[in-house]
Protein chains: 2
Amino acid sequence: MSATNSLSTEDLGSTAQRDRRKRILDATYELASEGGFDAVQMRAVAEAAEVALGTLYRYFPSKIHLLVSALGRQFESAESSLVTRPVPGDTPAERVIWVLKRTSRGLQGDPHLTEALTRAFMFADASVANEIHAVGMSMTSILTHAMDPERSTEVTEDDVAIARVIGDVWLSALVAWVTGRSTAAETAAHMETAVRMLLRD
Amino acid sequence: MSATNSLSTEDLGSTAQRDRRKRILDATYELASEGGFDAVQMRAVAEAAEVALGTLYRYFPSKIHLLVSALGRQFESAESSLVTRPVPGDTPAERVIWVLKRTSRGLQGDPHLTEALTRAFMFADASVANEIHAVGMSMTSILTHAMDPERSTEVTEDDVAIARVIGDVWLSALVAWVTGRSTAAETAAHMETAVRMLLRD
DNA sequence: GGACCAGGTGGAACGTGTTCCTATCATGCT
DNA sequence: AGCATGATAGGAACACGTTCCACCTGGTCC
């Protein structure tokens, strides 16, 4: 295990360690939610999680790893709540739009958190590839599920390609929204247009 | 003019000032090209451009403004060279793909520079909206021109929407490539797929 | 020529991410 | 129990973006 990776839950032997990891991610979440990216200061996280700064860095080798890991945890819970439930809508396009809107509404409800996590995601480099990949898989899985909730057929390459493009648009829109370059409404409209272009019924 | 904006060429009265601005952007370019985002250190830029640190900050209020402005200059020159020349390809999709490939090849030829500029673009917040908007316009203009070089008809809303989606995919691909999460070939293939889905002949 | 002043210089200082070091603590082995 | 070993605490130190300040310069107006 190289030093450029975050410690995952499986790597952690003792209960105390798993607990520390959780405390750290909770503190990150809390701080991000209150004040966004800038408020997630490593010293503050360490203090709030009641661990030493060195320990924090032992668990997460950088602020970016920390935030992306927190993002990953978010996505996993979003994924499980979206994939297990029926998605309303008669066509793939409508279902995907529904999922995106629902997700966006969730994100817009906590702008600081969203800003922090999106920034981290965009700033991540190759050393965060594992964490990023996990997020990408969640995203694709959420979208392909929305496209065909019954999964009557196998997921095709085309489905994945479409999901990826939608994911790209979604990310760009998120970045534009987070950085104050477009409003929530513009973002929503743009995504809807994109989805309809990609998923003509 | 608020302090949160970069000084543009028009704001600069004297030749000496325009010259300083140019020296700064040249130095930025040079450093970015050699060592990427991290190598563009404000002290280093100031020294290379032979201006004081305070002066640098007077011209560009932050490292991000500086890099995004440098990116803007790049895009303008790309735009003028791509828009004035005939674009090969028989269909919109082929022409767009040609333009994207050409541009990508240019970017891949200078990975550090690309990394620096992409990072900056992704990290920019609302205070950089002007600079970002300029880049977005260049991008859209390049793509709509490739879609219909003769411009027999007006640019429609649909054209712009498609161009924006392609721009989004392009940006995401660029981020993935720059951060080492995908190879140049994967990036190219993904963009080609996206363009063909969006611009079915 | 002299006074004025916007813009420039040089550099100190501050905040925050990151690294590093030493002492302390917990846990398993003999 | 005594000990070895790895993890944690606590905190100093460093790097770089950013801010600030005291002073200087080169035009402009009288």
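Chain letters run A, B, ... following the sequence lines, proteins first, then strands; residues in each count from 1.
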Kindly say if A/Tyr59 contacts the phosphate of D/dT8, meaning a side-chain N or O under 4.0 Å from OP1 or OP2. yes

Distance, nearest 0.5 Å, that separates CD1 of B/Ile64 from CD1 of B/Ile132: 9.0 Å

For A/Val45, answer base if it contacts any base atom (sugar-phosphate contacts may also be present), sugar-phosphate if it contacts only those atoms, and nothing otherwise; contact means non-hydrogen atoms under 4.0 Å. nothing

Below the 4.0 Å mark, does C/dA6 have OP1 or OP2 next to a side-chain nitrogen or oxygen of B/Gln17? no

Those residues that, when tested against A/Ser33, pass side chain to side chain contact (heavy atoms under 4.5 Å, CB included) (two or more places apart): A/Asp110, A/Leu113

Taking atom CD as the centre, does B/Gln108 end up with more than 12 heavy-atom neighbours from other residues, nucleotides or ligands that are less than 6.0 angstrom away? yes

What does B/Glu47 touch in the nucleic acid at a heavy-atom separation under 4.0 angstrom: a base, only the sugar-phosphate, or nothing? nothing

Whole-Å gap separating P (C/dC21) and CZ (A/Arg58): 16 Å

Nearest whole Å is fine: how far is D/dC16 C1' from B/Phe37 CZ? 11 Å

Could you check which of D/dG17, C/dT9, D/dA9 has an atom nearest any side-chain atom of B/Thr55? C/dT9

By nearest-nucleotide position on DNA chain D, the 5'-leaning member of A/Leu56 and A/Leu53 is A/Leu56

Rounded to whole angstroms, how far apart are CG on A/Asp38 and C1' on D/dG17? 12 Å

Whole angstrom is fine here: how far is it from CG in A/Leu67 over to P in C/dG17? 10 Å

Could you pull out every donor-acceptor pair under 3.5 Å between side chains of residues 170-177 of chain B and any protein atom, sequence neighbours left out?
unit_1, atom_1, unit_2, atom_2, d
B/Ser172, OG, A/Asp168, O, 3.4
B/Ser172, OG, B/Asp168, O, 3.2

Could you tell me whether A/Arg164 atom CZ has more than 12 heavy atoms of other residues or ligands within 6.0 Å of it? no

Starting from P on C/dT19, measure out to CZ on A/Phe60 and report it in whole angstrom. 16 Å

Rounded to whole Å, CZ of B/Arg20 lies from P of C/dT9 at a distance of 5 Å

Walking DNA chain C from its 5' end, the first of A/Ser62 and B/Arg43 to be reached, judged by nearest nucleotide, is B/Arg43

Whole angstrom is fine here: how far is it from CE in A/Met42 over to C1' in D/dG11? 16 Å

Check the distance between C/dT16's P and A/Tyr57's OH and give it to me in whole angstrom. 13 Å

